[in-house]
Amino acid sequence: MDYHHRAIEKKWQKYWAEHHTFRVDNTSEKPKYYVLDMFPYPSGAGLHVGHPLGYIASDIFARYKRLKGFNVLHPMGYDSFGLPAEQYAIQTGQHPAVTTEANIKRYREQLDNIGFSFDWSREVRTSDPSYYKWTQWIFMRLFDAWYNRLSDRAEPISSLIAHFESHGSKDVRAVCDDDVRSFTAHEWGVFSAAEKQLELLKYRLAYLRESTVNWCPALGTVLANDEVVNGVSERGGYPVEQKKMMQWSMRITAYAERLLNGLATIDWPEPLVEMQRNWIGKSIGASVRFDVPTLGDGEYIEVFTTRVDTIYGVNALVLAPEHEWVSRLTTPGQQAEIAAYIAQTQKKSELDRMADVRAVSGAFTGSHAVHPLTGKDVPIWIADYVLAGYGTGAVMAVPSGDQRDYLFSTHFGLPIVAISDAQQLDGQADSTKEGRYINSDIINGLAYQEAVDVLIAKLEEIGAGKATINYRMRDAIFGRQRYWGEPVPVYFDGGLPKLIEEAELPLLLPDVDKYLPTETGEPPLGRSKGWKYRGEFEYELSTMPGWAGSSWYWYRYMDTQNSREFASAEAINYWRDVDLYIGGSEHATGHLLYSRFWNKFLKDMGYVPEEEPFKKLINQGMIQGRSNFVYRVLDAQGKGTNTFVSYGLKDEYRTIPLHVDVNIVSNDVLNLEKFRQFRPDFADAEFVLENGKYVCGHEVEKMSKSKYNVVNPDDIIDQYGADTLRMYEMFLGPLEQSKPWNTNGIEGVYKFLRKLWKLFHDASGNFAVSDTAPTKAEWKALHKIIKKVEEDIERFSFNTSVSSFMICVNELTDLKCNKRAILQDLTVVLHSYAPHITEELWGLLGNEPGTLSYAAYPAFNPDYLVESEFSYPVSVNGKTRTNLILPLDMDQPEVERAVLANEDVQRYLDGKPVRKVIFVKGRIVNVVV
RNA sequence: GCUCGGGUGGUGAAAUUGGUAGACACGCAAGACUUAAAAUCUUGUUUCCCUUAAAGGAAGUGCGGGUUCGAUUCCCGCCCCGAGUACCA
């Protein structure tokens, strides 16, 4: 019987499903191993061949770990809340739950076709009430918590209340809003309930406050910073504007330092770690107060600087145009100018961001601040090169040390003074820290670090500044004016947000008549008639953002069915953290940062044991599309004819390239028959061929329907089988590398599997293996692959394993090996890559009926690889000239004698005296003349 | 601009610790089997030079230097491609 992948693969997929082969327990004698994939958003388009790349790699790893004796948790689910389903609902009126359900069904079929070893009994869906109940529950925990800097962890809000009751706000070191009040314990005691709640809201980790948000009118929602790319929405590319709104936010900034430090403890790709580091954006410097006496006593502007050593070079304070004090600072004479400038920047910012052109601009407020050290007047300007969202929204301009300040000062004719004897101010600023300070009063003659220490001490002494650490990262906006997301379990009583009772979870998503904002601009949930808490109080109408459900899902997999907790303590303490996480690097600053944040919070509250959720992470590369083109000949008028010319001859004609479906092209040769059926107007197409073939052009592009370059895994599986698809996706190249999908070459892997099949069968196709003892060469071939695959999988080099399997089967074919002892072990070694064919062969070999999934990976025995001889490459002056077979136990003097006696070597020596002979045992001999 | 990847045959790629560059596969060419095709098998396939052929020679891992007996691998400078990020004070 020949290798029939269709029957074999269906048979085993059915077996695995019926026998719950991959169901895993939360207790075991075996060591645990948790292999996780980033779960997909089930889109309407289904999977293309690029999507399963990471899943195949993780599945190989999971299956391998099972063979190695681990209790493996390898689950899959769906991140099923999201914008596309909602956009579709707006267009068609269909409930997103309905389309999502259909999409999930299709995803599941496609995933099942590939033969993954997921424990489907643990499937999660973020849009399922039994799941989002716990997303809401975690939100409630965040609402009921504050971050205590003294213990450096989140604590229940009750500990803060207790402190207020006994000590007032004194000695509270919290990460909180800027406008918290100072009060005594007594004052707290006489605050009204509403006043207390209002104050506590400034401390909660999930809090409500008016903030400037990225508002996208086209999508009708706010977007997180990582969802805005170049001033337009990541999804859809719609314009985004800044708008002030009451918003739920997450105090992720409380965790900035821990998020940064944790990066050193996890095994993640360096680029990803770097991206998170940049995103957090820690900078060490100082905050400095510049008093503004004209505004009154004790009024000051605070700036942040990383170069406090340049403070004597300050020639201006520059504020962001949005700075809240701009109107206060503007003197009557400057009012017109400032107003004009603000209008100009508001209009400009959008275009400017897109065009990426920046001219120096700004306006003088008319006010002055007092330099804290020199006492001199410093003019206060506004300019759009200062960002409202970073630091304090105000900078001290030091033209000699900062290029932006330099350009600003030259443009407006402000004085530029050197502050270091090493500075060279020939047309630009010089930010060097070398040299000694000049024109700098108390630090004159000092070097950089001494100067910083002196200045910080001085500023602290006079109460005008202190050493400060600043982070670029902002608190995360946690609300979307959208329908298809988790409802926020909050209602409003007297304008104050309050949590619903825990027993009332989940707060179900109500039905609405349309998935659009209300006439008054409220989110879609505002359309739900009579949706009131206890029939009385308004619910929060925004829903949670896309990242809410994905920020803790790996815990739900540990204990999916639990209705009392998000996961039991036993389950969490058994599985603890994810040992291997595979997914795309596009989630670097979104999902992966938020997940680490929630994990740290859950740890602080004592629900989980580990500080970091994902110990090891691998980014699979993106699979790009590879488009094919045909070349339509144009007539004299430039109109398209029905004649198409082959790629090699196209330059002899006037042509226009057209995308052609890659599925009717093989090795860039067009199937003419299928092309005529491709589109009605091609039915009587004519061709100019080269060598009897129509050759197509090709180009690497994004994989998309409109480019006709989408390859569906189902089609590949139908033709070649899932085992071939799995191995081919790995064979394509290193997992982390991005590469275009090209079906050319898949034949090689398919041939390999048929060759493997033939090892177990005789010429007439009958199963035939021999029980005779293997030869030394056969043992060697086997143990080479046992070792190689083990090493390759451990370092995630799956492509090299596939090559090695081919080499092994080629060798065994040459040796005409059909020995059971060899083939049995080879079957186990190959199993994680090609699970179906190996299950079938395992059965044919006469093993006990059942699955091979829990067999033992064969033990490597180095004795089989020991050689007594080695064919040494012999080079003369570094150029390989000949090979010489010598015993491996031969030592250098003997080798030298043997090599120099060789006539080939003598010929290359050409009588010249030998200076030295390099000899590396088992590697090389090099004769230097 | 900054940060991080990457650059090896016609194509995807390999070379794990500085030790025979191009394994393995695709494609292509030639051949065997076949009425024919498919499938299968065999041989060849980095480039250039020399040669009827056999054999031989030279160059070669983006470019230019360096270290070394020996460099795809290490160091310095540069070019190109991709990703991320960008007035971050």
Side-chain angles (χ1 to χ4, degrees), chain A residues 2 229-230 269-275 277-279 281-283 285 303-308 310 318 320 352-353 356 358 360 383-387 389-398 401-405 407-408 431 470-473 585-586 588-589 619 621-622 624 667-669 691 698 700 728 731-734 736-749 751-752 754-755 758 788 791-792 794-795 797 799-808 810 871-883 915-920 922-929:
Chain A
D2 285 343
V229 178
N230 293 329
E270 192 47 40
L272 206 86
V273 170
E274 197 61 27
M275 271 190 248
R277 217 176 265 142
N278 291 341
W279 191 262
K282 178 179 183 176
S283 43
V303 301
F304 174 74
T305 175
T306 54
R307 290 297 302 274
V308 70
T310 64
V318 186
D352 203 37
R353 229 174 279 161
D356 201 28
R358 292 187 174 95
V360 177
D384 65 358
Y385 79 89
V386 178
L387 304 176
Y390 184 77
T392 59
V395 304
M396 56 180 217
V398 183
D402 184 287
Q403 186 60 18
R404 295 157 303 180
D405 297 340
L407 291 173
F408 185 77
S431 62
N470 196 45
Y471 298 92
R472 192 189 82 112
M473 185 169 65
S585 59
E586 65 272 21
T589 50
N619 287 132
M622 269 246 296
Q624 297 141 302
N667 284 315
D668 291 337
V669 176
N691 304 325
H698 61 86
V700 174
Y728 185 59
F731 187 61
L732 235 37
E736 290 99 324
Q737 228 165 72
S738 285
K739 55 229 155 193
W741 174 268
N742 188 346
T743 309
N744 299 353
I746 198 168
E747 289 280 350
V749 173
K751 258 187 231 171
F752 156 77
R754 278 180 298 176
K755 250 171 134 168
K758 279 190 190 162
K788 176 75 174 156
E791 285 172 357
D792 283 353
E794 303 278 0
R795 66 192 174 101
S797 174
N799 55 325
T800 49
S801 279
V802 179
S803 301
S804 302
F805 280 123
M806 289 172 172
I807 293 170
C808 177
N810 288 347
S871 174
Y872 281 97
V874 179
S875 41
V876 176
N877 281 345
K879 284 227 179 298
T880 309
R881 294 303 184 179
T882 185
N883 279 288
R915 272 233 311 259
K916 198 161 144 197
V917 178
I918 311 283
F919 169 68
V920 183
R923 288 271 193 203
I924 202 169
V925 181
N926 187 13
V927 182
V928 186
V929 297

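All chains are named by letter (A, B, ...) in the order of the sequence lines, taking the proteins before the strands, and each is independently numbered beginning at 1. Both backbone and side-chain heavy atoms feed into the values below; hydrogens, waters and symmetry mates do not. None of the values given here were measured: they were computed from a predicted structure.
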Picking from C87(B), A14(B), G27(B), the nucleotide nearest the side-chain atoms of Arg404(A) would be C87(B)

Would you mind pulling out the nucleotide paired to G12(B), Watson-Crick or G-U wobble, both distances under 3.5 Å?
C24(B)

Which part of the nucleic acid, if any, lies within reach of Leu732(A) when heavy atoms closer than 4.0 Å are counted: base, sugar-phosphate only, or nothing?
sugar-phosphate

Side-chain contact check for Ile924(A): nearest option of A89(B), U20(B), A15(B) is U20(B)

Side-chain N or O of Thr589(A) versus OP1/OP2 of G84(B): is the shortest distance under 4.0 Å?
no

Distance check, C1' atoms only: G9(B) and A23(B), in whole angstrom units.
13 Å

Is G6(B) syn or is it anti, if syn means the base angle is within 90 degrees of 0?
anti

Side chain of Phe731(A), heavy atoms from C-beta onward: which of C24(B), U16(B), A89(B) has the nearest atom to it?
C24(B)

Any strand: nucleotide that pairs with U85(B) via Watson-Crick or wobble, under 3.5 Å:
G1(B)

Paired with C74(B) by Watson-Crick or G-U wobble geometry, both distances under 3.5 Å: which nucleotide is it?
G66(B)

Once you apply the 3.5 Å cut-off to both distances, tell me the Watson-Crick or G-U wobble partner of A38(B), or none.
none

Using OP1 and OP2 only, check whether a side-chain N or O of Arg754(A) sits under 4.0 Å from U40(B).
yes

Tell me the partner of A29(B), counting only Watson-Crick (N1-N3 plus N6-O4 or O6-N4) or G-U wobble (N1-O2 and O6-N3) with both under 3.5 Å; none if nothing fits.
U43(B)

Tyr390(A) or Lys788(A): which one's nearest nucleotide on RNA chain B is closer to the 5' end?
Lys788(A)

Nucleotide forming a Watson-Crick or wobble pair with C48(B), both distances under 3.5 Å
G57(B)

In whole Å, measure the gap between the P atoms of G84(B) and G27(B) for me.
34 Å

